[in-house]
Amino acid sequence: MKLTFYGAASEIGRSCIMLESNDARVLLDCGVKIGRADEYPMIEDADLAGIDAIIISHAHLDHSAYLPHVFSTGYNNPVYSTKPTMELINILVTDYLRISEPENVEKTGLQDMQKHFRLVEFHQEFNVKDLTIKLVPAGHILGSAMIEVSDGKQKLIYTGDMNMRGTRLLEPAYTQLLHADTLLMESTYGGDTDMFPSEKVIINQMIGSIKETASSGGKIIIPSFGVGRAQEMLLLLDDYMKSGQIPPMPIYADGMINKAMRIHRHNVIYCREELQKRILLNDDDPFKSKNFIQVGTVAERKKVMTEKEPSIIVTTSGMLTGGPVLKYMERLGADPNNKVIIVGYQAEGTRGRELVNGSRKIRVGPKLVDVNLKVEQYHLSAHSDRQQLVSLVGKVEGLGKVILIHGDKAKSNELAEAIRKDHETSVPALKDEITVG
Ligand SMILES: [Zn+2]
Ligand SMILES: [Zn+2]
């Protein structure tokens with residue numbers, strides 16, 4: 001099998017890998033690199049024509065947002081994914097096209113994309129020509145999958161983005177019975193220093209900080225990815241409020257978080273078992289908690305910004321590249337009593353990264369907005385850390401080669417050093433081709 005890396009090679013973003021066997025050509029993921037200026041997979045439109053299938057690991061835009069463009073070029077074959085991934089892509093990608101108006105993603109393919117999904121269950125094998133393919137849970141966001149591909153002679157596992165630690169929403173990645181010749185692994189947190197401290201310690205610090213701001217009458221803004229991080233945060237805040245560890249105050253959810261919340265609720269079968277039991281056996285549905293207030297209109301948002309009481313506002317986008325969070329920053333950013341809590345990955349060149357780096361002004365449209373509120377970062381990750389990535393390599397039986405992608409180049413190289421003593425390991429550059437088997 002031959003792999004060509006059209007994105008996410010020595011970088012994070014625009015995951016798009018062509019896999020070619022004797023008979024078949026498939027794309028593993030099809031994303032856009034979101035940043036100050038979006039970047040697209042380096043595949044020519046003409047090369048999209050001969051593809052037999054696209055398989056999507058999960059709904060995040062860096063794995064899915066190029067799909068409408070691919071369909072706009074006349075691509076007419078299936079997109080395979082889990083059901084929640086399809087539903088989340090429909091809202092995320094539609095929203096992305098509406099808000100960002102990307103210059104190289106043709107919207108004309110959006111409807112075609114929606115018609116060409118083929119849904120597959122975890123652990124259910126399907127075929128694309130001479131390839132046998134199977135998705136297994138990746139523990140990263142709702143519906144996220146690792147993709148196993150075999151041509152009958154060689155087997156490859158592509159991790160997509162994966163988390164080996166269970167979360168409030170999801171079971172950890174499925175790492176039993178993994179068997180492959182080649183592991184194509186993400187390396188977002190593969191650097192030598194990427195060891196996550198205990199989540200409990202971080203959460204306690206964050207809860208303490210929220211209480212402190214609330215007691216001085218301030219508002220807490222939590223910018224968040226609409227899918228995954230936002231739901232994890234809402235469930236966490238709800239748990240702490242119900243147990244009295246956070247004083248009662250409104251928890252506002254603004255942006256596509258609310259739609260994504262409904263998708264989580266009706267796909268609860270893809271969530272962790274404990275959550276399913278809470279809902280089915282105890283009629284305790286955290287997705288419909290009375291503590292959450294949806295914000296949907298301009299008037300509602302204005303009320304949230306101007307009311308005197310403290311509140312928590314969970315809103316998109318997670319890296320402050322757009323969305324309602326910018327409205328909140330414009331209105332609430334100058335008041336030192338307020339606080340921004342950053343909980344997700346912040347890409348280079350985004351307003352989120354600028355804030356974390358200490359910038360005290362951010363540009364919103366033509367305006368330069370003063371940032372006097374406090375900015376704090378708490379590392380809560382939906383990815384595996386260095387140690388877990390290394391441990392995954394050890395869990396794959398029969399493994400020969402490891403290929404590291406979806407990481408800053410320095411981090412991928414550091415991880416490669418650690419793995420190389422046991423396995424042939426490479427960190428491809430963009431447009432590199434690697435033949436396996
Ligand atoms: Zn992701
Ligand atoms: Zn990703």
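Judged by distance alone, the side chain of D151 and the main-chain N or O of Q154 form a donor-acceptor pair under 3.5 Å. The main-chain N or O of G344 is found under 3.5 Å from a side-chain atom of Q346 such that the two form a donor-acceptor pair. In this structure a side-chain-to-backbone donor-acceptor pair under 3.5 Å is missing from S21 to M1. Side-chain N or O atoms of R351 include one that pairs as donor or acceptor with a backbone N or O of L320 at under 3.5 Å. Checking side-chain atoms of S10 against main-chain N and O of K409 turns up no donor-acceptor pair under 3.5 Å. The main-chain N or O of G226 is found under 3.5 Å from a side-chain atom of Q231 such that the two form a donor-acceptor pair. Put simply, the side chain of N77 gets close to the backbone of I51: a donor and an acceptor are under 3.5 Å apart. With E300 contributing its side chain and G296 its backbone, the two residues share a donor-acceptor pair below 3.5 Å. No donor-acceptor pair under 3.5 Å is formed between the side chain of S412 and the backbone N or O of L404. Proximity of a side-chain donor or acceptor of D47 to a complementary backbone N or O of I43 within less than 3.5 Å is not detected.
Looking at T132 and E125, their side chains never bring a donor and an acceptor atom within 3.5 Å of each other. Of the N and O atoms on the side chains of E87 and H266, at least one donor lies less than 3.5 Å from an acceptor on the other residue. Counted by atom type alone, Y328 and E330 present zero donor-acceptor pairs between their side chains at under 3.5 Å. A donor atom on one side chain and an acceptor atom on the other are found under 3.5 Å apart for Q245 and S243. A side-chain donor-acceptor contact under 3.5 Å links D29 and S57. At a cut-off of 3.5 Å, with distance as the only test, a side-chain donor of H406 or D161 sits close to an acceptor on the other residue. Defined by atom type and a distance below 3.5 Å, a donor-acceptor pair is present between the side-chain atoms of Y96 and D38. For the residue pair D238 / S289, a side-chain donor-acceptor distance below 3.5 Å is found, with atom types taken as modelled. If you check the side chains of T159 and E186, you find no donor sitting under 3.5 Å from an acceptor.
Looking at S81 and L119, their side chains come closer than 4.5 Å, going by heavy atoms from C-beta outward. Using a 4.5 Å heavy-atom threshold, the side chains of E148 and V136 count as touching. With a 4.5 Å cut-off on side-chain heavy atoms, V128 and Y80 count as touching. Side-chain contact between L326 and T321 is absent, with no heavy atoms from C-beta onward closer than 4.5 Å. With contacts defined as side-chain heavy-atom distances shorter than 4.5 Å, the pair I202/P197 qualifies. Within the 4.5 Å cutoff, no side-chain heavy atoms of V79 are placed close to those of M86. The shortest side-chain heavy-atom distance between M42 and T4 does not fall under the 4.5 Å cut-off. Side-chain contact check for K395 versus H179: every heavy-atom pair is 4.5 Å or farther apart.
The environment of Q111 atom CD is sparse: at most 12 non-hydrogen atoms of other residues, nucleotides or ligands sit within 6.0 angstrom. Crowding of K327 atom NZ: a count of heavy atoms from other residues, nucleotides or ligands under 6.0 Å not exceeding 12. Surrounding CD of Q387 are at most 12 heavy atoms belonging to other residues, nucleotides or ligands under 6.0 Å away.
For the residue pair L415 and S187, the shortest heavy atom distance occurs at CD2-CB, 3.7 Å. In terms of heavy atoms, D130 sits closest to N22 at OD2-N, 3.6 Å. Nearest heavy atom pair, residue H423 against residue V402, reads CB-CG2, 3.9 Å. Shown here for I293 and P250, the closest heavy-atom pair between the two residues is CD1-CB, 3.7 Å. For P102 against L97, the heavy-atom pair with the smallest separation is CG-CD2, 3.8 Å. Contact between I405 and P428 at its shortest, heavy atoms only, is CG2-CG, 4.0 Å.
Under the 4.0 Å criterion applied to side-chain N and carboxylate O atoms, R278 and D239 are assigned as salt-bridge partners. We find that E417 and R420 are joined by a salt bridge, their nearest charged nitrogen and carboxylate oxygen being less than 4.0 Å apart. Ion pairing between a basic and an acidic side chain is recognised when a charged N comes within 4.0 Å of a carboxylate O; K277 and D284 show no such pairing. Checked for salt-bridge contact, R265 and D285 meet the test: a charged N lies under 4.0 Å from a carboxylate O. Salt bridge annotation for R14-D62: absent, with no cationic side-chain nitrogen under 4.0 angstrom from a carboxylate oxygen. The pair K129-D52 meets the salt-bridge criterion, since a charged nitrogen lies less than 4.0 angstrom from a carboxylate oxygen. Under 4.0 Å is where a charged nitrogen must lie from a carboxylate oxygen, and between E424 and K401 at least one such pair does. With respect to the salt-bridge test (charged N to carboxylate O, under 4.0 angstrom), the residues R353 and E348 qualify.
Rounded to the nearest 0.5 Å, atoms CG (L178) and CG (L183) are 8.5 Å apart. If you take OG1 on T167 and CD1 on I141, they are separated by 11.0 Å, rounding to the nearest 0.5 Å. I313 contributes atom CD1, which lies 5.5 Å from atom CG of L332 (distance to the nearest 0.5 angstrom). Expressed to the nearest 0.5 Å, how far CG of D254 lies from OG of S224 amounts to 12.0 Å. Put simply, CD1 on I34 and NE2 on H60 are 11.0 Å apart, with the number rounded to the nearest 0.5 Å. Separating the CE atom in M185 from the CE atom in M146 is a distance of 11.0 Å, to the nearest 0.5 Å.
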Can you list the steps and then say if V32 with L61 is a side chain to side chain contact (heavy atoms under 4.5 Å, CB included)? CA-CA 6 Å; V32 169; L61 294 174; 5.8 Å; no
Where do K155 and T182 land on the side chain to side chain donor-acceptor pair (under 3.5 Å) test, with the steps shown first? CA-CA 7 Å; K155 193 168 158 196; T182 304; over 6 Å; no
Walk me through it: do E20 and R25 pass the test salt bridge (charged side-chain N to carboxylate O under 4.0 Å, His left out)? CA-CA 4 Å; E20 291 169 272; R25 301 173 86 205; 3.4 Å; yes
Could you give me the CA-CA distance, side-chain angles and deciding distance for S209 and Y378, then say whether side chain to side chain contact (heavy atoms under 4.5 Å, CB included) is met? CA-CA 10 Å; S209 167; Y378 295 90; 3.2 Å; yes
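For H379 and Y189, the gap between ring centers is short of 6.0 Å. In summary, the aromatic rings of H116 and F71 are positioned with their centroids under 6.0 Å apart. The six-membered or imidazole ring of H123 lies near that of Y174, with a centre-to-centre distance under 6.0 Å.
Checked against F292 for a side-chain contact (heavy atoms from CB on, under 4.5 Å), the options N258, I257, V314, L234 give a single hit: L234. Just one of P137, P84, S144 meets the side-chain contact (heavy atoms from CB on, under 4.5 Å) condition when paired with Y270; it is P84.
In this pair, H140 and H58 present their aromatic rings perpendicular. The plane angle is above 60°, beyond the 30 to 60° band.
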